Chemist: 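Supplied in structure tokens, the structure appears directly below.
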There are 2 protein chains.
Amino acid sequence: MSENRLQKAIVALKESGVRITPQRHAVLDYLMNSVIHPTADDIYKALEGKFPNMSVATVYNNLRVLRENGLVRELTYGDSSSRFEINLTDHYHIICESCGKIVDFHYPSLDEVESLAAKVTGFEVSHHRMEVYGTCEECKQQKGHKH
Amino acid sequence: MSENRLQKAIVALKESGVRITPQRHAVLDYLMNSVIHPTADDIYKALEGKFPNMSVATVYNNLRVLRENGLVRELTYGDSSSRFEINLTDHYHIICESCGKIVDFHYPSLDEVESLAAKVTGFEVSHHRMEVYGTCEECKQQKGHKH
DNA sequence: GTACGTGCAAAGGATTTGCAAGCGG
DNA sequence: CCGCTTGCAAATCCTTTGCACGTAC
């Protein structure tokens, strides 16, 4: 089924006039099979085995194209570099402040917040983002070893 | 009353062993009277009249100290540079995707989301962030002028 | 007086850009 | 074939850092 998603994405890209180069295909494929919300550099490093001559700029270019076509979301947290993920159905992230791990969790979309915000500010709302921060189980355990 | 907040903040800083230099005072004062969620460079430009010799590094240093003491929050959105605001009681932001304007709005804290996230992921939750995106009234009107 | 803060310049890291050569459709 | 993409290097932008000097307390 992951194959299915990939094929659909490729068809959609072609219909938008975007060419499917081996590098672009590989970036998309990597993101579809990744759960770690990688940075551009993560992707670059993961693919340099298959594409020894690929440059980081190509990764950035492709991420931009994929983002512009709605296939990929860019996550900007406090740390230095952006992270990327396939744009799936609504879910949110919880982020470990100790090790940086990002875990998905499902929650009904916060439509009420959106409509209240629209009412009090006069904005026309398009979307929202939300993340929860905390400490993951592994890091909690490590803290426990202190004493 | 803004004076009052500033004095309280200064006392709190001194108690933490933080020195009140004229530059630090000015950064804090500027943030307390600002509604635009400025970048470090905004603050630098705003204060260069009063402090012609001040360097950007000083602004960054002070923002870090103020953040570490819980007085200031750093906001990292998609754009290149961080924005800063005084750490007030719970509120959220709505951001205009057209002109970048940031407007505060109040909403009860999303405690339910936090506790559900904790339950399903096993994390110990510390806090969350949420923003709504859309188009502000001014930019909506400008779009209306098209036809 | 002493440690912390400032100012300057340089370094660092992420991302973008310009351009010649390559290749997808 | 044409024009989008690639790869490379240089450029850009934001932020941090090292160090000598200054100053808050």
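Below, chains carry the letters A, B, ... as their sequence lines are ordered, and counting in each starts from 1. Here the structure is a predicted model, which is why all the values come from computation and not from measurement.
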Chemist: Any luck finding a side-chain donor-acceptor pair between A:Thr39 and A:Asp41 under 3.5 Å?
Modeler: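 Looking only at side-chain atoms, A:Asp41 and A:Thr39 do not form any donor-acceptor pair under 3.5 Å.
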Chemist: Can you measure A:Arg83 atom CZ to C:dT15 atom P for me and round it to whole angstrom units?
Modeler: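 Going from CZ in A:Arg83 over to P in C:dT15 covers 11 Å.
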Chemist: Using a heavy-atom cut-off of under 4.0 Å over every strand shown, decide if B:Asp41 touches base, sugar-phosphate, or nothing.
Modeler: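 Touches nothing.
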Chemist: Measuring from the side chain of A:Tyr60 (C-beta onward, heavy atoms only), which nucleotide among C:dG24, C:dT16, C:dG7 has the closest atom?
Modeler: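 Selected nucleotide (nearest to the side chain): C:dT16.
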Chemist: If I take atom CG in residue A:Asn62 and atom C1' in nucleotide C:dT16, what distance separates them, rounded to the nearest angstrom?
Modeler: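 That distance rounds to 14 Å.
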Chemist: Starting from C1' on C:dC23, measure out to CE on A:Met54 and report it in whole angstrom.
Modeler: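 For the pair A:Met54 CE and C:dC23 C1', the rounded distance is 17 Å.
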Chemist: Give the first and the last nucleotide of DNA chain D, reading 5' to 3', that has any atom under 4.0 Å from a heavy atom of chain B.
Modeler: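 So the outermost contacting nucleotides come out as D:dC14 to D:dC25.
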Chemist: Under 4.0 Å between a side-chain nitrogen and a carboxylate oxygen: does that hold for B:Glu131 and B:Arg129?
Modeler: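 B:Arg129 and B:Glu131: salt-bridged.
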Chemist: Do A:Glu97 and B:Ser126 have side-chain N/O donor and acceptor atoms under 3.5 Å apart?
Modeler: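 Checked: A:Glu97/B:Ser126 side chains pair up, N/O donor to acceptor below 3.5 Å.
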Chemist: Touch check for B:Val56, heavy atoms < 4.0 angstrom, all strands: base, sugar-phosphate only, or nothing?
Modeler: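 Nothing, no nucleic acid heavy atom in range.
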Chemist: Please check the phosphate of C:dT6 (OP1 and OP2 only) for any side-chain N or O of B:Thr21 closer than 4.0 Å.
Modeler: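 Answer is yes, contact under 4.0 Å.
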Chemist: To the nearest Å, how far apart are A:Glu74 CD and C:dA14 P?
Modeler: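 About 14 Å, once rounded to whole Å.
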Chemist: Mind checking if A:Ser82 touches a base, just sugar-phosphate, or nothing, with heavy atoms under 4.0 Å?
Modeler: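 Here A:Ser82 touches the backbone only, sparing every base.
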Chemist: Does a side-chain N-to-carboxylate-O contact under 4.0 Å join B:Arg64 and B:Glu74?
Modeler: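 So B:Arg64 does not pair with B:Glu74 through a salt bridge.
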Chemist: Which part of the nucleic acid, if any, lies within contact of A:Arg24, taking any heavy atom under 4.0 Å across all strands shown: a base, the sugar-phosphate backbone alone, or nothing?
Modeler: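 The residue A:Arg24 makes sugar-phosphate contact but no base contact.
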Chemist: Check the side chains of A:His128 and A:Glu114 for a donor-acceptor pair under 3.5 angstrom, ignoring hydrogens and angles.
Modeler: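 Indeed, the side chains of A:Glu114 and A:His128 share at least one donor-acceptor pair under 3.5 Å.
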Chemist: Is a donor from one side chain sitting under 3.5 angstrom from an acceptor on the other, for A:His37 and A:Asp42?
Modeler: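 On atom types as modelled, these side chains do not qualify, holding no pair under 3.5 Å.
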Chemist: Could you check how far CG of A:Asn53 sits from C1' of C:dA21, rounded to whole Å?
Modeler: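 Whole-Å distance recorded here is 13 Å.
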Chemist: Map B:Ser81 and B:Arg19 onto DNA chain D by nearest heavy atom, then report which one ends up closer to the 5' terminus.
Modeler: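 It is B:Ser81 whose nearest nucleotide is closer to the 5' end.
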Chemist: Check the phosphate of C:dT15 against A:Asn61, side-chain N and O only, distance under 4.0 Å to OP1 or OP2. Yes or no?
Modeler: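 It does not, given that no N or O in the side chain of A:Asn61 lies less than 4.0 Å from OP1 or OP2 of C:dT15.
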Chemist: What is the distance, rounded to the nearest whole Å, between atom CZ of A:Phe51 and atom C1' of C:dG22?
Modeler: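 In whole Å, C:dG22 C1' lies 15 Å from A:Phe51 CZ.
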Chemist: Closer to the 5' end of DNA chain D via nearest nucleotide, is it A:Ser55 or B:Ile20?
Modeler: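 Whichever sits nearer the 5' end wins; that is A:Ser55.
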Chemist: For B:Tyr77 and B:His93, test the side chains for any donor-to-acceptor distance below 3.5 angstrom and give the result as yes or no.
Modeler: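 Their side chains do contain a donor-acceptor pair, which is all the 3.5 Å distance test asks for.
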Chemist: Heavy-atom nearest nucleotide on DNA chain C for B:Ala57 versus A:Lys14: which residue maps closer to 5'?
Modeler: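 With B:Ala57 and A:Lys14 compared, the 5'-side residue is B:Ala57.
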